[in-house]
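Read the structure below first, then the notes.
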4 protein chains.
Amino acid sequence: MGDISISNGNCMNGNGQRKSCWYEEEIEENLRWCFALNSILHTGATQFQDIQLLDTKPFGKALVIDGKLQSAEIDEFIYHESLVHPALLNHLNPKTIFIMGGGEGSTAREIVRHRTVEKVVMCDIDEEVVEFCKSFLVVNREAFCDPRLELIINDARAELERREQLYDVIIGDLADPIEGGPCYQLYTKSFYEFIVKPRLTQGGIFVTQAGPAGIFSHTEVFSCIYNTLKQVFKYVVPYSAHIPSYADTWGWVMASDSPFMSNADELDLRIKQRMKGENRYLDGKTFTSASTLSKAVRESLYSETHVYTEGNARFIYGHGTAYKHN
Amino acid sequence: MGDISISNGNCMNGNGQRKSCWYEEEIEENLRWCFALNSILHTGATQFQDIQLLDTKPFGKALVIDGKLQSAEIDEFIYHESLVHPALLNHLNPKTIFIMGGGEGSTAREIVRHRTVEKVVMCDIDEEVVEFCKSFLVVNREAFCDPRLELIINDARAELERREQLYDVIIGDLADPIEGGPCYQLYTKSFYEFIVKPRLTQGGIFVTQAGPAGIFSHTEVFSCIYNTLKQVFKYVVPYSAHIPSYADTWGWVMASDSPFMSNADELDLRIKQRMKGENRYLDGKTFTSASTLSKAVRESLYSETHVYTEGNARFIYGHGTAYKHN
Amino acid sequence: MGDISISNGNCMNGNGQRKSCWYEEEIEENLRWCFALNSILHTGATQFQDIQLLDTKPFGKALVIDGKLQSAEIDEFIYHESLVHPALLNHLNPKTIFIMGGGEGSTAREIVRHRTVEKVVMCDIDEEVVEFCKSFLVVNREAFCDPRLELIINDARAELERREQLYDVIIGDLADPIEGGPCYQLYTKSFYEFIVKPRLTQGGIFVTQAGPAGIFSHTEVFSCIYNTLKQVFKYVVPYSAHIPSYADTWGWVMASDSPFMSNADELDLRIKQRMKGENRYLDGKTFTSASTLSKAVRESLYSETHVYTEGNARFIYGHGTAYKHN
Amino acid sequence: MGDISISNGNCMNGNGQRKSCWYEEEIEENLRWCFALNSILHTGATQFQDIQLLDTKPFGKALVIDGKLQSAEIDEFIYHESLVHPALLNHLNPKTIFIMGGGEGSTAREIVRHRTVEKVVMCDIDEEVVEFCKSFLVVNREAFCDPRLELIINDARAELERREQLYDVIIGDLADPIEGGPCYQLYTKSFYEFIVKPRLTQGGIFVTQAGPAGIFSHTEVFSCIYNTLKQVFKYVVPYSAHIPSYADTWGWVMASDSPFMSNADELDLRIKQRMKGENRYLDGKTFTSASTLSKAVRESLYSETHVYTEGNARFIYGHGTAYKHN
């Protein structure tokens with residue numbers, strides 16, 4: 001133990017300690033992304049997943065599931081505003097919403113900001129993750145208590161099959177469609193055609209997170225999700241946004257059999273009329289930009305031929321290392 | 001030394017070796033970005049800078065100057081197409097171009113693809129970096145030999161002051177305007193007003209790289225460069241693009257006293273008419289998206305009040321750790 | 001948030017999460033030592049130092065001060081048994097002990113295991129570190145409550161000067177003698193000659209931790225501490241041991257004006273007669289081995305000519321980055 | 001590309017670049033050891049293994065096989081002097097030596113320093129590694145050309161079975177006996193009993209590297225190798241040394257049916273009489289210390305009950321991730 005003289009004390013309170021603990025994520029095998037840590041707030045394991053709540057220096061509190069960053073305090077609003085608002089604002093009067101997954105609570109939080117919404121069903125399979133997030137993600141506490149929210153612990157596919165209600169908007173807030181991964185079957189053509197679409201009201205909209213959408217990474221799943229939805233819906237809009245804590249641009253795809261509005265001003269007007277609070281990320285111009293993909297990504301999406309089907313999935317169970325964000 | 005039996009040989013040629021060497025960059029004090037390496041191709045030191053050419057697994061060959069990634073083989077086209085083409089395509093007939101910096105050669109490479117161009121002056125202060133890039137960056141070799149290119153080794157400010165010629169487009173391909181940094185004085189209001197603008201022809205356009213432009217990082221220098229140029233030029237267009245190897249969205253600002261064209265189709269037409277080869281990144285729609293900033297960045301740029309002036313720069317010489325991507 | 005199907009659940013609870021948080025220490029500028037973390041138990045800052053208690057996977061709970069590992073649960077016994085027992089066992093009847101530093105409490109814990117000991121003075125300058133260790137280092141709790149222990153918060157030099165009592169053993173459990181560092185003056189010839197030696201009883205022994213003692217690292221401070229003590233005491237014994245969590249061999253030097261016993265069996269006998277509990281590391285043979293240095297280190301120590309003196313210390317205050325373990 | 005003003009140039013040639021490339025080794029799953037790199041000198045793959053020659057800042061040139069450090073320029077002498085000299089010096093007149101493995105050449109280099117030696121057979125299975133080391137490890141070039149050296153490319157077990165000659169010393173310079181690993185069968189009781197021992201001359205000595213021998217790591221293989229050899233030979237001496245680049249203490253075991261000499265002075269005398277050049281690490285006192293194990297390791301070795309036998313090895317082929325140094 002050091003006996004430290006006063007004269008030097010200040011000099012020792014330097015950077016050393018401040019950078020000694022790190023969270024490290026393998027974005028891919030040859031690429032790592034490392035955040036300095038303030039603390040590891042909570043660690044746990046559910047029946048399905050390992051879960052951690054970290055306090056990171058660059059991105060604030062971060063939820064990590066099975067060693068993959070799910071969302072970071074400082075920029076999860078980009079992901080969740082992008083997932084929720086374009087679909088709800090494009091709908092003329094969204095009253096009933098179904099979330100597949102979404103146990104973190106942030107998707108519900110954004111949904112209940114829409115005054116038109118009367119009912120939100122959140123269906124996540126992992127009760128313990130939901131409880132963990134309820135307890136520790138203070139920012140979503142109010143949403144979890146919103147009387148319009150119905151929380152169901154079940155497999156989202158089974159739940160949608162079981163239910164007879166229709167929804168104005170169905171939102172996919174699930175892990176990526178890795179073949180053999182836990183969520184692959186929630187991204188297939190037959191799932192969209194026979195389970196999702198029949199559960200949408202007239203004019204209903206389906207939107208899903210769609211994995212990395214960077215200039216190189218969009219071919220992993222984004223282009224295939226887009227192409228698969230194109231087989232099922234008349235109108236399909238892919239869009240993307242850079243999320244700093246993911247070290248990548250992220251993608252979403254919105255689909256419907258009714259045409260989408262493309263006017264930035266109209267979108268801004270609806271935000272004003274229908275939403276409580278102010279968006280931090282999304283407005284009309286932002287969505288115009290987000291849904292205008294760069295040349296390389298656009299051309300690649302249009303020329304994508306792969307369609308996710310149950311038939312072509314090889315279902316290599318336990319292909320666990322390939323899981324991506326969300 | 002191992003004596004290895006044949007039966008197990010194949011199993012040992014696994015991933016171990018493939019991930020054991022890494023390049024690590026501190027994006028900021030609390031954030032690191034790490035690439036697996038194939039090899040360190042060249043290492044050297046010039047009068048001004050340390051320089052390395054690395055062969056990285058995720059991003060191909062990468063030029064690193066003073067421990068900061070400058071450009072990576074796999075995505076430098078995003079940076080250089082964004083820097084060069086919007087300005088040249090917005091100009092009605094760009095014949096003469098002046099590059100401040102640009103010693104890597106990629107900026108010149110993109111410029112000479114424009115058939116209208118008759119003369120390119122590239123003015124970089126570090127002869128050894130230029131020689132290094134000439135020798136090792138095969139992709140730019142042809143550009144370095146283009147008869148329209150005049151290469152000058154000098155301080156860009158001194159060179160512009162010295163010269164009497166006017167240019168249709170002046171391009172800033174320099175390190176960020178860190179106060180006290182080597183390039184600060186090439187980003188000030190007085191430099192733009194009294195040195196750059198007088199060297200532009202009628203209808204001339206100035207464009208500069210403008211540092212990180214992410215949802216958080218744009219306040220470092222992007223918003224100030226934008227605001228400073230707004231004090232000097234009538235029309236100022238900020239735009240941005242995500243560059244994977246930088247782990248961030250990057251920004252550029254284009255300025256002129258003549259209005260810019262805003263039509264994506266017209267831009268596509270000019271690409272077709274005037275440019276040799278095909279762009280990988282930029283086209284009309286891409287630029288529309290790139291120049292439509294997201295809500296947070298847009299509002300922050302419009303409310304920026306700081307102007308870079310020689311007066312308010314404190315010129316803390318040797319403030320070297322703060323250098324960012326060029 | 002992932003909606004995870006049961007069939008794959010188990011596969012996801014893999015290694016990902018288990019290796020995502022790390023403690024990283026720069027052993028030297030070009031060498032890093034990284035431990036996977038379970039959690040960051042406590043973080044704090046005192047008037048003098050930053051302090052952390054980490055739960056590491058490879059080494060258990062670890063105390064980190066100013067970004068440097070001080071001691072790890074799993075192997076601190078090697079350091080503390082080596083620091084305390086050779087001196088106390090070589091003394092014929094050690095009753096009074098003075099610890100310079102030692103605020104962690106482990107040195108006191110080992111001392112009070114000796115039945116001969118009647119009085120232990122622990123003098124550490126940093127009250128908050130002592131309080132932190134009292135609260136969190138459960139293994140030392142009993143020692144902190146031992147009625148023979150007198151805890152003083154003061155500079156060790158000032159305290160020794162102030163006191164008139166003599167001690168049978170004086171123990172230096174301080175940071176390394178980096179020139180300009182906080183503890184340099186507690187390693188000088190004049191300190192040993194005029195302050196330490198006069199406070200030793202007849203037959204008294206002084207022992208100090210002496211920094212890294214590896215085949216290369218022993219020249220940093222180990223050989224100089226040895227040589228400095230040789231100027232002041234008749235008998236000086238350097239010894240070393242590999243401490244896994246330090247990623248190095250560590251050194252101690254024991255000095256006296258009375259000759260040391262060199263018989264391993266006699267040392268084992270005294271352990272049996274005088275000490276409560278069993279040592280995990282030290283016995284007669286272990287000390288024989290530890291005090292028989294390898295050829296390279298032995299020759300280097302014998303040819304060392306540098307002596308720490310107040311005169312030759314340049315006292316570059318704030319030379320903080322060079323601090324080593326302890 | 002930066003245009004750098006002269007006034008700040010020097011400040012940029014800082015530490016940034018110097019620490020940006022790293023070699024990283026997983027000592028164990030939760031422990032990493034990272035060296036800054038100057039360059040990656042050579043990379044290759046043989047039929048059996050991947051191989052790299054790195055220029056590291058802390059440890060000089062380093063040979064890495066399948067992602068594991070084999071030997072580093074700066075401290076390989078500790079490993080190779082410890083492997084070779086105790087056995088050869090304990091033998092009264094070692095003339096013929098057989099090396100199992102050893103393709104790096106350093107073991108042969110140390111052997112040919114002994115004037116008594118007339119014949120050295122080096123039997124390594126991987127011809128390409130041997131060729132790589134011949135070409136790139138300048139320090140061993142002379143040994144590879146020594147007329148007393150016979151180089152055989154074969155499995156060491158097959159070669160020993162095939163040969164009828166006897167050897168004064170047989171040296172195991174092989175990968176650790178991981179069950180199912182390539183070298184397991186070269187560490188079993190039956191191999192020692194029926195293949196090695198019959199190939200030793202009267203008074204012959206067998207010595208083998210024996211894996212990590214740290215206070216915790218010695219239970220991995222060191223204690224079992226010791227215990228297995230005790231079943232076969234009358235006299236067995238385990239010893240160890242800290243090797244900085246391995247971040248651990250390493251072990252060797254020497255075995256014979258004739259008693260070993262235990263006098264440090266006699267060992268020093270034989271070094272003087274029989275060896276060319278001077279040892280950097282090993283002398284009589286060093287070996288006394290190295291072969292006097294610390295309490296914890298000593299007791300653990302004596303109480304070890306596991307014996308490597310072909311019967312109890314499960315031969316999980318391809319258990320490749322567990323390979324350790326050498």
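Predicted model, so just to flag it, every value in this text is computed and none were measured. Naming: A, B, ... by sequence-line order, numbering from 1 per chain.
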| query | How long is the span from the CG atom in L37(D) to the OG atom in S39(B), to the nearest 0.5 Å? | reply |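 Between atom CG of L37(D) and atom OG of S39(B) there are 11.5 Å.
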
| Interatomic distance, C21(B) atom SG to E24(D) atom CD [nearest 0.5 angstrom] |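 Answer rounded to 0.5 Å: 9.5 Å.
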
| E127(B) atom CD, neighbour heavy-atom count above 12 within 6.0 Å |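 No.
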
| query | Does a sphere of radius 6.0 Å around CD in E128(D) hold more than 12 heavy atoms from other residues, nucleotides or ligands, not counting ones at 6.0 Å or beyond? | reply |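 More than 12 heavy atoms, drawn from other residues, nucleotides or ligands, come within 6.0 Å of this atom.
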
| query | Is there side-chain contact between E25(B) and S20(D), with heavy atoms separated by less than 4.5 Å? | reply |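 No; the side chains remain at least 4.5 Å from each other.
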
| What part of L41(D) lies closer than 4.5 angstrom to a heavy atom of chain B: side chain, backbone, both or neither? |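 Contact with chain B involves no heavy atom of L41(D) at all.
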
| said: Given heavy-atom pairs under 4.5 angstrom as the criterion, report whether the side chain, backbone, both or neither of D55(D) touches chain B. | reply: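 For D55(D), no heavy atom lies under 4.5 Å from chain B.
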
| query | Between N38(B) and I40(D), what is the shortest heavy-atom contact and its length? | reply |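 Reported closest heavy-atom pair: O-CD1, 3.8 Å.
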
